[in-house]
Amino acid sequence: LVASGRTRIRAHAIPDALVAHMGHAEAGAMTIVRSVRIATHPGLRRAGLAKALVEHVHAALGPEVDMIGTLFGATAELVRFRRALGYVLVRVSASRGARTGEPSVLMVRPLTPRAEALVAALRAELARELPLQLELLQADGELLLDPALAVQLASDLPSPAPLDDAAVDAAVRAYAFGQRTIESVATALTRFVGDHADRVAALSPADRALVEGRLVARRSWSAVLAASGLSSHAAMMRALRRAVRRLILDIGAELSA
C-alpha cells in the first residue's frame, strides 16, 4: 500500500522515504531507528562529545534493529561527521532547506545483512542519479551549492551502472503511477522523454511545457511554474506526474494500434 501511494507511514520519515519515495518495499519490513539532532555547547565542541553520544546510542540498540538512519540539512561538515560514524549517503532531496539553503540528505548505517543489501542497491541508484540531481539543484537554487558539500555528496560512490530498457520502463511507471519522486528516477525520465520526443511534441501545450521545461531544458521549478500558469508548486508537481502518465498511455495506445 505504501509503495503504491495508497497510504503513508505517518511519523516515520525514513521508512516512508525508502518505501514510497525511493521504491524499496523491503524497507517496510525492517526495524529502523532514527538518529536525530545532536547539540553540544560551543565551548565544548571538537572534544568528541557528539561522537561519543551517537556511539553510546548505537551500543544500546538491540540485535533486532536492521538500520539506523538520519535526515538533516546537509553541510560538508555534517556529512563528514556522520560518515565517520559508519553512515553512508543514500538520498539527496530535490528541495533545499529554508534555513540552510542546502539540500536535505538521508544517511543510514546498516546493521544486518538484509539492510546491507538494501543500502548497496540504494548506493548504486544514487551513483547513477546524483550528477543529474545536482544539476537540477543548481538550477533551482539562487545560491550555488557549496563545492565542499558537492564533493562530500559524491564521495565513495560506486561506479554508476547503466539502465537497460526494462529498468527505464519500470522506473518511469513507478513515478507516473506511484509515489516515486522525480529526483529518484530523473535519469530514467530524461532518457524516456528523449526516446519519445515525437510523442512529447504531440502532448497538449500545458503538458509539453511541464515535461520539456523540467526534463529537457532542465529549468528551475520556479520557471516551470511561471510558464505553466498553475497556482502552486504542489499543483505543478501533480500535473507533471499526470503528464508523464498520459505520455505512457499514449505510447501504449500507439503500439497496440
Side-chain angles (χ1 to χ4, degrees), residues 5 20-23 91-96 101-104 124-145 150 153-154 157 159-257:
H21 295 163
M22 302 172 74
R91 185 190 184 201
V92 179
S93 173
S95 59
R96 295 189 184 218
E102 301 295 358
S104 174
E125 291 169 10
L126 181 62
R128 184 177 59 243
E129 299 296 335
L130 186 61
L132 183 51
Q133 289 176 353
L134 294 180
E135 183 181 339
L136 293 172
L137 274 170
Q138 296 284 44
D140 288 330
E142 295 180 1
L143 298 175
L144 294 178
L145 195 68
L153 295 179
L157 286 173
S159 298
L163 284 172
D164 60 24
D165 290 343
V168 168
D169 183 70
V172 171
R173 287 179 176 276
Y175 166 75
F177 297 99
Q179 292 297 310
R180 291 292 297 270
T181 58
I182 193 168
E183 77 273 9
S184 74
V185 293
T187 300
L189 278 171
T190 300
R191 178 169 148 187
F192 177 76
V193 168
D195 288 347
H196 299 285
D198 55 334
R199 295 306 310 163
V200 173
L203 290 171
S204 71
D207 285 350
R208 182 178 177 182
L210 289 167
V211 172
E212 291 188 338
R214 187 60 173 177
L215 298 174
V216 179
R218 297 176 188 172
R219 301 171 67 194
S220 69
W221 282 125
S222 59
V224 175
L225 178 60
S228 73
L230 295 168
S231 59
S232 68
H233 183 90
M236 173 185 61
M237 298 294 278
R238 290 192 296 269
L240 178 55
R241 196 183 298 271
R242 288 194 299 268
V244 174
R245 189 182 306 152
R246 278 191 284 270
L247 182 59
I248 292 171
L249 295 174
D250 287 348
I251 293 167
E254 184 179 83
L255 291 174
S256 62

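These numbers come from the heavy atoms of this one structure, side chains and all, not from hydrogens, waters or symmetry mates.
Of all the heavy atoms in L136 and R214, the pair that sits closest is CB-NH2, 3.5 Å. Smallest separation of non-hydrogen atoms from A139 and S220: O-CB, 3.1 Å. The two residues R199 and L247 come nearest to each other via the heavy atoms CB-CD1, 3.6 Å. The nearest pair of heavy atoms linking V244 to A176 is CG1-CB, 4.0 Å. Of all the heavy atoms in S231 and A235, the pair that sits closest is OG-CB, 4.4 Å. Counting all heavy atoms, side chain and backbone alike, L163 lies closest to A167 at CD2-CB, 3.6 Å.
Ionic pairing of R219 and E212 is not present here: no N-O contact between side-chain nitrogen and carboxylate oxygen is shorter than 4.0 angstrom. Contact check on R191 versus D165 returns a salt bridge, with a Lys/Arg side-chain nitrogen under 4.0 Å from an Asp/Glu carboxylate oxygen. Between R246 and D250 no salt bridge is recorded (no basic side-chain N to carboxylate O distance below 4.0 Å).
Atom CD of residue E135 and atom CG of residue L130 lie 11.5 Å apart, to the nearest 0.5 angstrom. Rounding to the nearest 0.5 Å places NE2 of H233 at 4.5 Å from CE of M237. Distance CG/L230 to CE/M236: 8.0 Å, rounded to 0.5 Å. Note that CD1 of I251 is 4.0 Å distant from NE2 of H196, once rounded to the nearest 0.5 Å. Taking CD1 of I182 as the reference point, atom CG of L215 lies at 4.5 Å (rounded to 0.5 Å). If you take OG on S232 and CG on L225, they are separated by 7.5 Å, rounding to the nearest 0.5 Å.
Contact annotation: the side chain of V172 never approaches that of F177 to less than 4.5 Å [non-hydrogen atoms, C-beta and beyond]. Annotation: side chain of T181 is in contact with side chain of R91 (closest heavy-atom distance under 4.5 Å). With contacts defined as side-chain heavy-atom distances shorter than 4.5 Å, the pair V92/L137 qualifies. With a 4.5 Å cut-off on side-chain heavy atoms, F192 and V211 do not count as touching.
Distance alone, capped at 3.5 Å, places no donor-acceptor pair between the E183 side chain and the S93 backbone. A donor-acceptor contact shorter than 3.5 Å links the side chain of T190 to the backbone of A186. Under a 3.5 Å cut-off, the side chain of S222 and the backbone N or O of D140 do not form any donor-acceptor pair. Proximity of a side-chain donor or acceptor of R241 to a complementary backbone N or O of G178 within less than 3.5 Å is detected. The main-chain N or O of A243 is never found under 3.5 Å from a side-chain atom of D207 such that the two would form a donor-acceptor pair. A donor-acceptor distance shorter than 3.5 angstrom exists from the side chain of E129 to the backbone of T187, with no hydrogens or angles considered.
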Apply side chain to side chain contact (heavy atoms under 4.5 Å, CB included) to residues H21 and R180 and explain how you reach the verdict.
CA-CA 4 Å; H21 295 163; R180 291 292 297 270; over 6 Å; no
Given the rule in the side chain to side chain contact (heavy atoms under 4.5 Å, CB included) test, do Q133 and L126 qualify, once you have shown the distances and angles that lead to the verdict?
CA-CA 9 Å; Q133 289 176 353; L126 181 62; 3.8 Å; yes
